[in-house]
Amino acid sequence: MLRPHSLRSHYALLTVLLVCLLSLLLGTLISRDSSQRIRAEIGRDLAETSYTMVDRLDRDMQSRAGMLQVIGSLSALRHPQGAPEVRRLLDELQGKFPTIAWIGFTDAQGLVLASSNGILEGTSIAKRPVFLEGSQGLFIGDVHEAALLAKLLPNPSGEAMKFVDISLPVHDDSGRLVGVLAAHLSWSWADEVGEAILKPIEDSRQVEFLVISRDRTILLGPRKLVGQRLHLPMMQNLAARQSEWAVQQWPDGKRYLTGLTASQGYLDYPGLGWMVVARQALQLADAPVRAMHLTILGLGVVLAVLFAVCGWLLASYVTRPLRTIARAADRLANGEITVIPEIGSPREIARLSHSIRHLVESLTHQHAELDALENRAHHDPLTGLPNRAALARYLPRAQQRNQGTEDGLAVLYLDLDGFKPVNDRYGHAAGDQVLREAAARMRGCLRGGDLVVRLGGDEFLMILQVAAADAASQARQIAERTLQALAMPIHWENRHLQVGCSIGGALWPRDDADLEQVVALADQALYTAKQSGRGRVVLHGDAPEGGE
C-alpha cells in the first residue's frame with residue numbers, strides 16, 4: 001500500500017498532474033487557435049460560394065433579359081404580318097430555351113396576339129404588371145406564382161409553379177408602341193443552377209444554401225424553409241455584392257457558420273435584391289477540433305500514466321532532474337520558447353525527458369500541419385498559384401504598403417482565349433496541362449514583388465509593382481510579354497495545343513483610390529479587349545478600336 005506521505009506517491013501524483021496539465025493547456029491553446037482558424041476558413045469558403053451563386057443567378061437573368069431585347073428588336077415583331085408568323089418564332093424560341101415557360105406578344109392594348117403553344121391567345125393581360133410595366137420599359141419581376149398560367153402548363157411534379165416575369169415594349173420605326181413582348185421564366189432554372197454549383201458541396205460538407213428575396217422570403221433552399229421569412233443580424237446594412245460570414249443563431253435556436261452575399265445585378269440588369277446564404281452547423285464545423293483535442297488529452301493521459309510508473313520505481317534518482325523538467329514545462333505553459341531538457345542518466349529519467357520532448361514535438365507538429373492546411377486553402381491545387389482567398393488578404397496589405405509612396409500598382413485581368421475548345425476536344429487532362437503551363441509562363445513574365453493569382457477556370461489576375469510616373473508603360477510591357485508567352489504552343493502527348501490570351505488592365509491609384517474598384521475596372525477592360533477581337537491588351541481609359 002502507498003504510505004500517506006511517501007516520496008514515491010508524491011512524485012507519482014506530481015508527474016501525473018504535471019503531464020495532464022501540460023497536455024490540457026497545450027491542447028486547449030491549440031484547439032482554441034485551430035477552432036478560430038478553421039471557422040474563418042470555412043466562413044470565407046461559405047461567403048465565396050454564396051458569391052458564386054449570386055453571380056451566376058445575376059448573369060443568367062441578365063442574359064435572358066438581353067435575349068428578349070434582341071427578339072423584341074426583330075422586324076417580325078416591330079412590323080408584325082400576322083399571328084402565325086409571330087407564334088412560329090415564339091414556339092421556336094421556347095423550344096431552344098426550356099426555362100421559358102411561356103412567351104407571348106400583345107398588341108398596344110394588352111391583348112395577346114400570339115404566344116408559345118397558343119396559350120392565352122385572345123386573352124387580355126392589360127391590367128397585369130407584366131404588361132403595365134413592360135409597356136413603359138424593360139421590366140423584370142420577382143419570383144411569384146401564376147395560378148392561371150400554372151393550370152395551362154404541364155406540371156409533372158404537382159408542386160406550385162413559380163415564375164419570373166420579363167417584359168419590354170416593342171416600337172415601330174416611328175417610335176409608336178406596337179405591343180409588349182412578355183415572358184414567364186420557370187423558377188426551376190435556379191434549382192438547376194444550384195444543383196450544378198452547390199450539390200457537390202452540400203453532399204461532401206453538409207452545407208445548406210438558401211436564396212432569399214428582397215422581402216427576406218426564402219425562395220430556394222431546404223423544403224421545410226421555403227416560403228418562410230428569414231431575418232439574421234448580419235443581413236442588416238449589407239452592401240450589394242458584399243460577402244460576409246459570421247456565426248449566427250437561426251430561428252431554430254441552433255448556431256451556424258453563415259456566409260452571405262447580396263446581389264446588385266450584372267451589366268445593365270439592376271438585380272432584384274436577392275441574397276444567397278450558405279450555412280453549416282457550428283457543431284459540425286468544430287468537430288475536427290474536438291477530435292484533435294480529445295486525441296491530445298488521450299495522449300497526455302497515456303504518457304502521464306507511464307511517467308507515474310517510472311517515477312514510482314525511480315523516485316530516489318529523479319527528484320533533481322524532474323525538478324528541472326518541471327521548471328521547463330512551466331515556462332512552456334507560460335508561453336515562453338523553450339525545450340524540455342535532455343537528461344542523459346539514469347536511463348529511466350532519460351526516457352522520461354525524451355517522452356516529454358516527443359509530446360511537445362508531436363503537438364508542435366500538429367500545429368505546423370494546421371498551418372500547412374491553411375496555406376493550402378490559399379493556393380490553387382492545380383497550378384500552385386494563390387487563389388481568391390489569398391487575393392482578398394493581399395489587396396488591402398498591398399494598398400496599405402504602397403500608400404504615400406511614389407510607387408503604384410497595376411492590375412491585369414487575364415482570360416485565356418481558346419481554352420474551352422482545347423478542353424472539350426482533348427479532355428480535362430489536356431486542359432489541366434494548359435492551365436499549369438500557362439501559370440508557369442505567367443510567373444516567368446513577372447518580376448520580384450509581382451503576384452499572379454488564379455481566380456478560377458481560365459481567369460487570372462496579375463498585381464504589378466510599378467513606378468507611378470511610368471505605370472501604364474510598364475503594365476503594357478509586361479502584358480505584351482505575357483501575350484507572347486501564352487501564344488507559344490503547349491506540348492502535350494505529342495500534340496501542340498494552341499491558346500491565346502486577352503488582358504484588361506487598370507492602374508492604382510490613377511484610375512481609382514480603391515484597389516478593389518481598380519480590379520473591377522480591369523475586369524471591364526478585359527471585357528472590352530475580348531469584344532475588340534481577343535488576343536490583345538486594353539487598359540482602362542484606352543480609346544476603343546474603331547471609335548471616333
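Because the structure is predicted, anything quoted here is derived from the model rather than measured. Numbering starts at 1 and runs along the sequence shown.
Of all non-hydrogen atoms in M235 and L260, the two that sit nearest each other are CG-CD2, 3.8 Å. Closest non-hydrogen pair, V452 versus P386, comes out as O-CD, 3.3 Å. The two residues L461 and I463 have their closest heavy-atom pair at CD2-CD1, 4.0 Å. Closest non-hydrogen pair, V538 versus A525, comes out as O-CB, 3.4 Å. Residue N402 comes nearest to G408 through the heavy atom pair OD1-O, 4.4 Å, listed as atom of the first residue, atom of the second, then distance. For the pair V130 and A182, the tightest heavy-atom approach, listed with the atom from each and the gap, is CG2-CB, 3.7 Å.
Among residues at least two apart or in separate chains, there is no salt bridge (Lys or Arg N to Asp or Glu O under 4.0 Å) pair with a member in residues 129-141.
More than 12 heavy-atom neighbours from other residues, nucleotides or ligands sit within 6.0 angstrom of OH on Y394. Other residues, nucleotides and ligands place more than 12 heavy atoms under 6.0 Å from the CD atom of Q403. For R436, the CZ atom is densely surrounded, since the number of other residues' heavy atoms within 6.0 Å is greater than 12.
Here the OG-CG distance, from S116 to L89, works out to 11.0 Å after rounding to the nearest 0.5 Å.
Contact annotation: the side chain of I166 never approaches that of F139 to less than 4.5 Å [non-hydrogen atoms, C-beta and beyond]. By the 4.5 Å heavy-atom criterion applied to side chains, L210 and L225 are counted as neighbours. R255 is not listed as a side-chain neighbour of Q283, based on a closest heavy-atom distance of 4.5 Å or more. Side-chain contact between S115 and F105 is absent, with no heavy-atom pair separated by less than 4.5 Å.
Checked options I503, V453, L435; the residue passing with F460 is L435 (criterion: side-chain contact (heavy atoms from CB on, under 4.5 Å)).
With sequence neighbours left out, R229 forms a salt bridge (charged side-chain N to carboxylate O under 4.0 Å, His left out) with D215. Residues meeting the side-chain hydrogen bond (donor to acceptor under 3.5 Å, both in side chains) test with H231, sequence neighbours left out: none. A search for salt bridge (charged side-chain N to carboxylate O under 4.0 Å, His left out) contacts involving D450 returns R447, not counting sequence neighbours. Under the rule for a side-chain hydrogen bond (donor to acceptor under 3.5 Å, both in side chains), D511 has no partner lying at least two apart in sequence or in another chain. Contacts of T258 classified as side-chain hydrogen bond (donor to acceptor under 3.5 Å, both in side chains), with partners at least two apart in sequence or in another chain: W250. Residues that satisfy the side-chain contact (heavy atoms from CB on, under 4.5 Å) test with K420, not counting sequence neighbours, are D424. In this structure, the side-chain contact (heavy atoms from CB on, under 4.5 Å) partners of E516, at least two apart in sequence or on a different chain, are L395, D514. Here A246 pairs with M234, Q248 under the side-chain contact (heavy atoms from CB on, under 4.5 Å) rule; sequence neighbours left out. Under the rule for a side-chain contact (heavy atoms from CB on, under 4.5 Å), the partners of D415 that lie at least two apart in sequence or sit in another chain are D417, D458, E459, L526, K530. Residues that satisfy the side-chain hydrogen bond (donor to acceptor under 3.5 Å, both in side chains) test with S124, not counting sequence neighbours, are absent from this structure.
Contact check on D55 versus R59 returns a salt bridge, with a Lys/Arg side-chain nitrogen under 4.0 Å from an Asp/Glu carboxylate oxygen.
Looking only at atom types and distance, the side chain of N387 has no donor-acceptor partner in the side chain of H379 under 3.5 Å away.
Proximity of a side-chain donor or acceptor of Q228 to a complementary backbone N or O of K224 within less than 3.5 Å is detected. For the pair R388 (side chain) and L455 (backbone), a donor-acceptor distance under 3.5 Å is present. The main-chain N or O of F419 is never found under 3.5 Å from a side-chain atom of N423 such that the two would form a donor-acceptor pair. Put simply, the side chain of W508 gets close to the backbone of A513: a donor and an acceptor are under 3.5 Å apart.
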